[in-house]
Amino acid sequence: MLQIKNKIIIPDNELEISAIRSQGAGGQNVNKVATAIHLRFDIEASSLPIFYKQQLLKLNDRRITQDGVIVIKAQEYRSQEQNREEALQRLKQLILSAVVLPEIRKPTKPTRSSQKKRLDSKTKRSQIKSMRRQVID
């Protein structure tokens, strides 16, 4: 069972967790023990609220397949249990990041004094540059 927020919980039967062999160097442990975790979570078939599902499917994330399945592979640690916890935490972070809506920008206008300052500085700069020109009789 994975708790996302107070009332939003993903039951274990919706998570497909399988242990696989880790990649890379590691000696005999890598060759013998399946410590890496492969987590699959079907967004459409889940019990998440509709808003969460929509936001997750909108995400442009390489961990989400075209079929709407989140695939997470955790192999950072040497123990299977730590990798399992890591995969669940990554899933939780992905779901929470999808739900956060960006703040809506409120358009603002420059103040009258800031506009005047800008124009004054442009005028002053123009005068300085005009004084550098060659004098023509």
Side-chain angles (χ1 to χ4, degrees):
M1 180 170 75
L2 177 65
Q3 185 165 1
I4 306 297
K5 285 194 173 182
N6 290 341
K7 295 183 180 180
I8 300 168
I9 296 171
I10 299 173
D12 288 336
N13 62 349
E14 292 181 5
L15 300 171
E16 184 183 319
I17 298 175
S18 57
I20 56 174
R21 288 190 181 158
S22 294
Q23 293 177 329
Q28 293 176 344
N29 196 46
V30 169
N31 298 330
K32 291 180 183 176
V33 186
T35 56
I37 294 294
H38 199 258
L39 183 139
R40 294 175 64 84
F41 176 69
D42 190 359
I43 299 169
E44 292 291 333
S46 70
S47 61
L48 286 174
I50 296 169
F51 176 72
Y52 280 67
K53 290 180 185 180
Q54 291 171 345
Q55 293 300 108
L56 277 170
L57 292 171
K58 280 184 196 175
L59 276 182
N60 187 16
D61 196 305
R62 61 182 172 81
R63 296 173 289 186
I64 302 174
T65 65
Q66 290 180 342
D67 302 330
V69 177
I70 298 174
V71 179
I72 296 175
K73 183 179 180 184
Q75 60 180 8
E76 184 177 342
Y77 301 102
R78 293 185 75 175
S79 79
Q80 190 176 25
E81 189 56 39
Q82 283 181 310
N83 284 329
R84 184 179 186 280
E85 288 300 318
E86 175 71 17
L88 291 173
Q89 286 304 312
R90 284 195 222 163
L91 176 64
K92 182 178 178 178
Q93 290 303 317
L94 179 66
I95 293 170
L96 289 175
S97 69
V99 178
V100 175
L101 295 176
E103 280 189 31
I104 299 170
R105 184 185 177 278
K106 297 174 186 169
T108 58
K109 290 183 180 178
T111 61
R112 194 172 283 163
S113 65
S114 69
Q115 288 177 337
K116 187 176 184 316
K117 281 181 192 176
R118 186 179 67 83
L119 293 175
D120 288 346
S121 69
K122 285 170 69 99
T123 306
K124 187 176 180 183
R125 196 82 189 130
S126 168
Q127 288 172 350
I128 290 170
K129 288 188 172 190
S130 68
M131 297 298 279
R132 294 180 191 156
R133 289 194 195 133
Q134 195 176 28
V135 180
I136 300 172
D137 284 330

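Side-chain atoms are counted along with the backbone in the values below, which use heavy atoms only and exclude waters and symmetry mates.
- Listed for the K53 side chain is a donor-acceptor partner under 3.5 Å among the backbone atoms of S46.
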Evaluate side chain to side chain contact (heavy atoms under 4.5 Å, CB included) for L88 paired with R84, printing each intermediate quantity in order.
CA-CA 6 Å; L88 291 173; R84 184 179 186 280; 3.6 Å; yes

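- Listed by chain and number, the residues in a side chain to side chain donor-acceptor pair (under 3.5 Å) with E16 amount to none (sequence neighbours excluded).
- Here the closest non-hydrogen pair linking E14 and F41 is O-CD1, 3.7 Å.
- Two residues are said to be in side-chain contact when any heavy atoms from C-beta on lie closer than 4.5 Å; V33 and R78 fail this criterion.
- The two residues V99 and F51 have their closest heavy-atom pair at CG1-CE2, 3.7 Å.
- When D67, V69, L15, I70 are each tested for a side-chain contact (heavy atoms from CB on, under 4.5 Å) with D42, only one passes: V69.
- Under the 4.5 Å side-chain heavy-atom criterion for grouping Ile, Leu, Val, Met, Phe, Trp and Tyr, L56 is not connected to V71 through any hydrophobic cluster.
- A heavy-atom distance below 4.5 Å is found between the side chains of P49 and I8.
- The minimum heavy-atom distance linking I9 with S47 is given by the pair O-OG, 3.9 Å.
- Considering every non-hydrogen atom in both Q75 and A36, the closest pair reads CB-CB, 3.7 Å.
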Test side chain to side chain contact (heavy atoms under 4.5 Å, CB included) applied to K5 and L96, step by step:
CA-CA 9 Å; K5 285 194 173 182; L96 289 175; 3.8 Å; yes

